[in-house]
Protein chains: 2
Amino acid sequence: MKDPLVNLAGYVLRRASAVALAELNQRLAPLNLRHADVAMLMLIESVPGITQSHAGRVLDIQRANMAPFVARLEARGVIERRQVDRRSQALDLTRRGRALLSRARRVVAAHEATLLKRVPVKLRPMVLPILMALWNRDAA
Amino acid sequence: MKDPLVNLAGYVLRRASAVALAELNQRLAPLNLRHADVAMLMLIESVPGITQSHAGRVLDIQRANMAPFVARLEARGVIERRQVDRRSQALDLTRRGRALLSRARRVVAAHEATLLKRVPVKLRPMVLPILMALWNRDAA
DNA sequence: ACACGACTGCTATACTATATAGCAGTATGG
DNA sequence: CCATACTGCTATATAGTATAGCAGTCGTGT
């Protein structure tokens, strides 16, 4: 089938992302986690006590959506909130959160391995640099 | 800010895709198009008379979602449906659709150029091969 | 010849992710 | 000490995608 879109980086980027995301979410389903949950847990682990609003900025989650999202994780007992200010909330992992995260990390690692295995060995070292460049974390 | 997620290809893939998609949609807004519309128009142009269900499979759009999607494009007068069977619909661009598509194509080209410009020249030739590989169009 | 399974287009519905608007309260810098 | 910016939050809206099921049609195997 002649697909005229496969020459468009933007299109292939979107399709690749959609597939990878679906696969990851499927892998995480047994842990009752979604990709965003794991991202949050990993961020909090890496920056313990990070502010809720700050975490939202890093992960690009709106303040409005942060509230129920964090509340769910807290209700589940994997993170806890600590008042830092009378407005800011610091986030930390609970013992349970750390245990869950360590399981999730294995799933993520397997997912990453699957992704990279699809790329020819010679191209593999360029995957992250190219994705970072496309994401445009540095330039304007 | 130490972001522990930037080493994960899946994460960066998702973020890059989200940014690129948002940018493209913004560029297309003046034409009153979204990225999915353009994908459909380009596909129909490339395979005139393609069946609605077939187009849905190529673009990975569910049959159920295809119906209102195609209806919108038809109501707008950019595509037309032709009965091929008493069940299958063949899709074609109208004159108006071709005109709109040629404008959209310029927007898409500009978007593609912007994306690729972010990638160091030496890595640029690897962008599409890597994205295709991640998308996994061939392997299992 | 025709029954059956597979396919098409469709409606209705639901779920997820994300976005906008606005509020009450708090911190901070000029 | 006041104006401004910030925080967490609720309520709500929009877009994209997914599921279930229906009526009708087609193609194939026997």
Side-chain angles (χ1 to χ4, degrees), chain A residues 10-11 13-26 28-29 32-40 44 49-75 79-92, chain B residues 10-11 13-29 32-40 44 47 49-75 79-92:
Chain A
Y11 180 74
L13 179 61
R14 184 176 76 77
R15 297 295 301 268
S17 167
V19 171
L21 197 58
E23 287 174 357
L24 177 57
N25 279 331
Q26 265 199 316
L28 288 172
N32 197 20
L33 286 171
R34 295 175 240 169
H35 68 99
D37 299 327
V38 179
M40 180 63 86
I44 296 175
I50 189 174
T51 275
Q52 179 169 320
S53 66
H54 189 177
R57 276 189 298 269
V58 172
L59 299 180
D60 196 29
I61 300 176
Q62 310 287 324
R63 258 177 322 137
N65 300 324
M66 236 4 222
F69 177 48
V70 164
R72 240 192 59 229
L73 291 174
E74 190 184 29
I79 71 173
E80 58 188 2
R81 282 192 264 204
R82 181 170 32 95
Q83 208 73 22
V84 115
D85 240 16
R86 256 195 291 186
R87 56 177 176 178
S88 297
Q89 313 264 7
L91 304 179
D92 284 293
Chain B
Y11 181 75
L13 179 61
R14 185 177 76 78
R15 297 295 301 268
S17 168
V19 170
L21 198 58
E23 287 174 358
L24 177 58
N25 279 331
Q26 266 200 314
R27 282 179 191 266
L28 288 172
N32 196 22
L33 287 171
R34 296 174 239 170
H35 67 100
D37 299 327
V38 179
M40 181 62 87
I44 296 175
V47 189
I50 189 174
T51 276
Q52 178 170 320
S53 66
H54 190 177
R57 277 189 297 269
V58 173
L59 298 179
D60 196 29
I61 301 176
Q62 311 286 323
R63 256 176 325 135
N65 300 323
M66 232 14 215
F69 178 48
V70 164
R72 239 192 60 231
L73 291 174
E74 189 184 30
I79 71 173
E80 58 189 3
R81 280 192 266 203
R82 179 169 36 92
Q83 207 73 21
V84 114
D85 241 15
R86 258 194 290 185
R87 57 178 176 178
S88 297
Q89 313 263 7
L91 305 179
D92 285 292

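Predicted, not measured: the structure shown is a model, and the values here were computed from it. In the text below, chain A, chain B and the rest are named by the order of the sequence lines, each starting its count at 1.
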- Item | Overall bend - the helix from dA1(C)-dT30(D) to dG30(C)-dC1(D), comparing terminal axes fitted on five pairs, nearest 10 degrees |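 The angle separating the two end axes equals 30°.
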Integer-rounded Å distance: [N] [atom2] and [X] [atom1]:
{"X": "L33(B)", "N": "dA15(D)", "atom1": "CG", "atom2": "P", "value": "14 Å"}
{"X": "R86(A)", "N": "dC6(D)", "atom1": "CZ", "atom2": "C1'", "value": "15 Å"}
{"X": "N25(A)", "N": "dC15(C)", "atom1": "CG", "atom2": "P", "value": "17 Å"}
{"X": "I61(A)", "N": "dT18(C)", "atom1": "CD1", "atom2": "P", "value": "7 Å"}
{"X": "Q62(B)", "N": "dA15(D)", "atom1": "CD", "atom2": "C1'", "value": "15 Å"}
{"X": "F69(A)", "N": "dT16(C)", "atom1": "CZ", "atom2": "P", "value": "13 Å"}
{"X": "Q83(B)", "N": "dC26(D)", "atom1": "CD", "atom2": "P", "value": "9 Å"}
{"X": "L21(B)", "N": "dA15(D)", "atom1": "CG", "atom2": "P", "value": "14 Å"}

- Message: Does the protein touch nucleotides 1-11 of chain C at the base, only the backbone, or not at all? Give it as B, S and - per nucleotide, heavy atoms under 4.0 Å.
- Response: -----BBBBSB
- Item | Smallest separation among heavy atoms of L13(A) and A20(B), with atom names |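 Closest pair (atom of L13(A), atom of A20(B), distance): CD2-CB, 3.9 Å.
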- Query: What's the shortest heavy-atom distance between Q83(B) and R87(B), and which atoms?
  - Reply: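 Nearest pair, atom of Q83(B) first, then R87(B): NE2-N, 4.0 Å.
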With a 4.5 Å cut-off on side-chain heavy atoms, are [Y] and [X] touching?
{"X": "M66(A)", "Y": "L59(A)", "answer": "no"}
{"X": "V84(A)", "Y": "Q89(A)", "answer": "no"}
{"X": "V70(B)", "Y": "M40(B)", "answer": "yes"}

- Query: In Å and rounded to the nearest 0.5 Å, what is the CD to CZ distance from Q62(B) to F69(B)?
  - Reply: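 Answer rounded to 0.5 Å: 13.5 Å.
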- Item | With sequence neighbours excluded, residues passing salt bridge (charged side-chain N to carboxylate O under 4.0 Å, His left out) with R57(A) |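 Applying salt bridge (charged side-chain N to carboxylate O under 4.0 Å, His left out) to R57(A) gives none.
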- Query: Should we count CD of Q26(B) as having more than 12 external heavy atoms under 6.0 Å?
  - Reply: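 Not more than 12 within 6.0 Å, no.
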- Task: Would you check if the side chain of N25(B) reaches a backbone N or O of A22(B) as a donor-acceptor pair within less than 3.5 Å?
- Result: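 No.
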